[in-house]
Amino acid sequence: MHPTESSSVQEPIIRYAESIGWTRVSREVSDERRNGGLRYEAVFQSKLREFNPWLPKEYMIPNFTADIAGNRDFLAFLRGRTTAYDTAENREKNVIVIDFEHPENNVYEVTDEFAYNNGHFGNREDIVFLINGISVAVVECKNMTKSEGLALAIDQLRRYQRETPELIVSQQTFAVAEGIGIMYGVTWNLIRRNIFVWKGDRIGELEHKIKTFFDISHILGLIGKYIMFMENDGEISKLILREHQAGAVEAVVNRCLTEKEKKRGLVWHTQ
């Protein structure tokens with residue numbers, strides 16, 4: 001009997017995520033919390049009010065279009081770059097959605113079979129990672145017995161983007177996984193050359209790769225710093241720093257902060 005995608009890939013990934021600090025939400029509870037929507041509204045509102053007690057009761061989050069522009073604007077929202085008016089202080093203030101400075105204040109959850117129907121199409125993502133009730137990352141799984149498994153998973157992501165783009169508005173990064181390895185990239189950019197193998201320091205160990213890619217500090221780093229949008233002639237593109245590039249940036253910043261007597265350095269051009 002061949003192992004199923006759920007038993008051989010999906011279930012282990014969720015267990016690995018639980019072991020590094022993500023709380024599992026069963027699909028039944030997840031469906032109940034969302035009630036057909038795209039986030040855990042109670043968790044989201046609780047954290048929004050905790051981080052921004054000055055917000056007026058009637059505050060509503062901005063509307064985000066179901067396209068790459070909306071995804072760019074949602075990333076700005078996650079990074080606390082949107083504002084609201086504080087009547088007590090008589091000024092605009094940034095709205096905090098994720099506490100990057102004190103990560104322990106956030107709620108980190110993972111669930112499976114994340115379904116959404118927009119009235120025309122319905123799709124169901126294999127695994128979704130949520131911060132403060134907001135879906136920020138998706139994993140598509142394929143049985144390791146299937147040839148071209150990772151390519152098939154990427155094709156599924158393309159279908160989600162085409163049929164239910166609302167599902168992808170808040171999601172910033174993705175991974176596709178089978179029993180051995182994972183590849184990763186950013187949503188709204190599924191061009192093959194922009195999808196990368198996650199090495200995670202070890203080759204051929206799914207557990208280690210999941211635990212390094214979905215390490216909470218790594219995901220916060222991606223959302224906070226290492227996903228970028230560019231616009232050229234009205235066309236928006238989205239990019240992610242690869243692991244060696246992010247590592248180089250961190251090393252440079254750390255050296256500047258801790259070794260102030262050093263005035264010069266070299267970054268190899270491929271970085």
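Within a 6.0 Å radius of CZ in Arg158, other residues, nucleotides and ligands contribute more than 12 heavy atoms. Within a 6.0 Å sphere centred on CD of Glu235, other residues, nucleotides and ligands contribute 12 heavy atoms or fewer.
Results of the side-chain contact (heavy atoms from CB on, under 4.5 Å) test with Arg79 over Ile227, Val97, Ile96 single out Ile227 as the only residue that passes.
The aromatic rings of Trp198 and His218 lie tilted to each other, with the angle between the two planes from 30° to 60°. Ring geometry for Trp22 against Phe129 counts as perpendicular: the plane angle is over 60°, on a 0 to 90° scale with 30° as the lower cut.
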Q | Chi angles and distances behind the side-chain contact (heavy atoms from CB on, under 4.5 Å) call for Glu163, Asn118 | A | CA-CA 9 Å; Glu163 296 179 350; Asn118 61 12; 5.9 Å; no
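Judged by the 6.0 Å distance and 45° axis criteria, Arg34 is positioned over the aromatic ring of Phe114.
Nearest heavy-atom pair, Cys141 versus Val9, reported as atom, atom and distance to 0.1 Å: CB-CG1, 3.7 Å. Here the closest non-hydrogen pair linking Leu190 and Leu157 is CD1-C, 3.8 Å.
Using a cutoff of 4.0 Å between basic side-chain nitrogens and carboxylate oxygens, Glu50 and Lys47 are scored as salt-bridged. A salt bridge links Arg33 and Glu109; the closest N-O separation between the charged side-chain nitrogens and carboxylate oxygens is under 4.0 Å. Note on Arg39 versus Glu41: salt bridge recorded, some NZ/NE/NH1/NH2 to OD/OE distance being below 4.0 Å.
Side-chain contact, Asn106 with Asn132: a donor N or O sits under 3.5 Å from an acceptor N or O. In summary, the side chains of Tyr40 and Ser135 do not present any donor paired with an acceptor at a separation below 3.5 Å, with no hydrogens or angles considered.
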